[in-house]
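These notes are about the structure you will find just below.
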Amino acid sequence: MAARGLRAAAGAVRRVCGSWSPRPGRHLLRSRPMAGDVRAAALVSAALEPDRKARSGWQGGARAWEDAEQQAKKRRGGPDGEPHRKLPKRKIVLLVAYSGKGYHGMQRNVGSSQFKTIEDDLVSALVQSGCIPENHGEDMRKMSFQRCARTDKGVSAAGQVVSLKVWLIDDILEKINSHLPPHIRILGLKRVTGGFNSKNKCDARTYFYMLPTFAFAHKDHDVQDESYRLSAETLQRVNGLLACYKGTHNFHNFTSQKGPQEASARRYILDMFCEEPFVREGMEFAVIKVKGQSFMTHQIRKMVGLLVAIVKGYAPESVLERSWGDAKVDVPKAPGLGLVLERVHFEKYNQRFGNDGLHEPLDWTREEAGVTAFKEQHIYPTIISTERHERSMAQWLSTLPVHDFNATAHMAVGAGTKVPSPPEDSD
């Protein structure tokens, strides 16, 4: 009975609303409603009203729940006490400077608190400043973190560049630096493309090696202490030897666990030279600069070590050519104290994106004054004071006589032998 009544009421509704004529050109015909039909339509409307109210109440409850959830999210504060806004993460690069003394290199050793690294302090500052969530600090892959170069134990940097995704909060540099020790500073920030990787996009890296000039004093007829001063003739000879490194060579003797047949042992050096000496606190120093596409573990320190051995008279100049051959050559490794990553280069990236109107070129010209100030305040004083108190160069020079620069040994590595390769850009 109820179903029959509903069907009748539905028919009444159709009669009230009218119908279309099936013939073309005809207009909508509306018939005059009958009193019984109107009463039936009213009954249908009354029957459906409770369902409409129920649905409306459910939707209102859902909206209320969502509003409460949004308010709860706004009440949740970041590490600095500020509420987290719904900010999208952006890919950026940071210009980082640090003094490496007391640290076991740049790269973080996840799960190991015994050896402190630069990235341990950097990631902690990023979390505390509210740039990244805490779980990104535990798993750096979540923020796409990458550094241009892995510096070794005790090695400093004036122009390291790291890429990562962060929340671009207000006063971001000031907040990060407020959670860093004074010997680690963020000097600049730039937006980059979403797929930017600081290591893969880096065309070249420039290092410098600062050393006391008595390292170039000849072992037979020069004083071997702080009173030594580098002559113009010796400086000219030093630069002549450094020029031999330019170009592509096989540097398997300048790292560890790399055979002469490995293609990755061939490295391209764009430039290498020694600047004019200068005096600090009564001791004369010189700076050797080297620019290359990439470097292997200990490569630069061994390049400097072999240079010093030749200039002091312990090794013949011919050892340079032999060191690039297949034979195994004993190459000394200079101390890590004076090695500094000065800058990294992005020429190809700048050519493609630097002038597109959306991105800035990665040249850090405006930050140059800050870089120079950091070197004067933290890097140079650390090298000078450590050399004075620990005498790392003087002690290393005393080991040069034990090296045999004339002996050679051919690498006994079979064609099927797998020689593990050390990481790149970790000098």
Side-chain angles (χ1 to χ4, degrees), residues 87-98 100 105-108 117-127 129-133 136-137 139-151 155-180 184-207 291 293-295 340-372 374-375 424-426:
L87 294 176
K89 292 186 179 68
R90 301 300 186 192
K91 178 64 76 69
I92 64 166
V93 292
L94 297 175
L95 179 66
V96 187
Y98 53 85
M106 168 71 180
Q107 188 173 5
R108 192 180 191 190
T117 67
I118 297 295
E119 288 179 8
D120 287 331
D121 284 351
L122 177 58
V123 171
S124 176
L126 291 172
V127 173
S129 62
C131 297
I132 60 172
H136 284 29
D139 186 356
M140 297 169 67
R141 294 173 298 181
K142 292 183 178 179
M143 58 176 166
S144 303
F145 188 94
Q146 187 59 262
R147 83 286 301 163
C148 272
R150 286 174 286 196
T151 52
V155 177
S156 301
Q160 173 76 275
V161 171
V162 300
S163 58
L164 68 160
K165 290 182 179 180
V166 299
W167 288 314
L168 288 176
I169 60 176
D170 295 334
D171 304 320
I172 182 170
L173 291 187
E174 290 79 1
K175 289 180 179 177
I176 298 174
N177 283 324
S178 69
H179 296 286
L180 286 171
I184 304 177
R185 291 288 97 179
I186 307 298
L187 302 179
L189 178 151
K190 291 182 186 290
R191 287 281 304 275
V192 289
T193 57
F196 185 88
N197 181 303
S198 60
K199 180 183 177 182
N200 296 341
K201 296 296 183 182
C202 183
D203 304 308
R205 298 150 178 89
T206 296
Y207 285 82
K291 180 180 180 181
Q293 286 183 336
S294 60
F295 298 94
V340 178
L341 174 62
E342 184 171 45
R343 69 175 66 240
V344 290
H345 307 268
F346 300 95
E347 279 88 356
K348 291 181 181 178
Y349 175 85
N350 289 339
Q351 289 173 5
R352 182 173 180 182
F353 298 105
N355 298 312
D356 64 356
L358 299 175
H359 305 91
E360 295 180 87
L362 302 180
D363 56 11
W364 309 109
T365 303
R366 289 175 296 181
E367 291 77 14
E368 197 63 42
V371 172
T372 301
F374 186 88
K375 288 191 289 188
E424 296 182 359
D425 307 310
S426 58

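The residues of the chain are indexed from 1 along the displayed sequence. What you see below is based on every heavy atom in this structure, not just the backbone, and it leaves out hydrogens, waters and symmetry mates.
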Practice problem: Provide the closest heavy-atom pair for P88 versus R90 in the form atom of the first, atom of the second, distance. | Solution: CG-NH2, 3.4 Å
Quiz item: Does S198 reach the main-chain N or O of Q146 with its side chain, forming a donor-acceptor pair under 3.5 Å?
Solution: yes
Quiz item: Are the side chains of M143 and K89 in touch, meaning some heavy atoms are under 4.5 Å apart?
Solution: no
Exercise. Report the C-alpha separation of V162 and M106 in whole Å, then their side-chain angles, then the decisive distance to 0.1 Å, and conclude whether the side chain to side chain contact (heavy atoms under 4.5 Å, CB included) test is met.
Key: CA-CA 11 Å; V162 300; M106 168 71 180; 3.8 Å; yes
Practice problem: Can you see which heavy atom on L95 is nearest to which on G159, and at what distance? | Solution: CD1-CA, 3.8 Å
Quiz item: Is a donor on one side and an acceptor on the other found under 3.5 Å between the side chain of N197 and the backbone of N200?
Solution: yes
Practice problem: Report yes if some heavy atom in the side chain of L164 is under 4.5 Å from a heavy atom in the side chain of I92; otherwise report no. | Solution: yes
Quiz item: Are R343 and E368 close enough for a salt bridge, meaning some N to O gap below 4.0 Å?
Solution: yes
Quiz item: Does the S156 side chain pair with the main chain of G100, one donor and one acceptor, at a distance under 3.5 Å?
Solution: yes
Quiz item: Would you say the side-chain atoms of N350 pair up with the backbone N or O of E347, donor to acceptor, closer than 3.5 Å?
Solution: no
Exercise. For S144, enumerate each residue passing the side chain to side chain contact (heavy atoms under 4.5 Å, CB included) test, keeping only those at least two apart in sequence or located in another chain.
Key: K91, K165
Exercise. Determine, using ring centers only, whether F196 and F353 are less than 6.0 Å apart.
Key: no
Practice problem: Say whether, by atom type as modelled, one donor and one acceptor occur between the side chain of R205 and the main chain of C148 under 3.5 angstrom. | Solution: yes
Practice problem: Locate the shortest heavy-atom distance separating C131 from I172; write the atom from each residue and the value. | Solution: SG-CG1, 3.6 Å
Exercise. Could you go through the side-chain hydrogen bond (donor to acceptor under 3.5 Å, both in side chains) check for H345 and T206 one step at a time?
Key: CA-CA 8 Å; H345 307 268; T206 296; 2.7 Å; yes
Quiz item: Checking R185 side chain against L180 main chain: does a donor-acceptor pair fall under 3.5 Å?
Solution: yes
Quiz item: Is the count of non-hydrogen atoms from other residues, nucleotides or ligands lying under 6.0 Å from D203 atom CG greater than 12?
Solution: yes
Quiz item: Are side-chain heavy atoms of R147 and I118 found at a separation under 4.5 Å?
Solution: no
Quiz item: To the nearest 0.5 Å, what is the distance between CD1 (I176) and CG (L122)?
Solution: 7.5 Å
Quiz item: Quick one: OG1 on T117 to CZ on R150, what's the gap to the nearest 0.5 Å?
Solution: 12.5 Å
Practice problem: Would you mind reporting whether D121 and Y98 have side-chain heavy atoms less than 4.5 Å apart? | Solution: no
Exercise. Determine the sole option in V371, V93, L187 for which the side-chain contact (heavy atoms from CB on, under 4.5 Å) test with W364 is passed.
Key: V93
Exercise. Would you check if the side chain of N177 reaches a backbone N or O of I186 as a donor-acceptor pair within less than 3.5 Å?
Key: yes
Quiz prompt | Shortest non-hydrogen contact between A149 and Y207, atoms and distance | solution = CB-OH, 3.6 Å
Quiz item: Which atom pair, heavy atoms only, marks the closest approach of P361 to K190?
Solution: O-CE, 3.5 Å
Quiz item: Is there side-chain contact between L94 and V166, with heavy atoms separated by less than 4.5 Å?
Solution: no
Quiz item: Out of curiosity, T372 OG1 to E367 CD, how far, rounded to the nearest 0.5 Å?
Solution: 11.5 Å
Quiz item: Between S163 and F145, is any pair of side-chain heavy atoms under 4.5 Å apart?
Solution: no
Quiz item: Should D171 and I169 count as side-chain neighbours, where that means a heavy-atom distance under 4.5 Å?
Solution: no
Self-check item: Non-hydrogen side-chain atoms of E360 and R191 separated by less than 4.5 Å
Solution: no
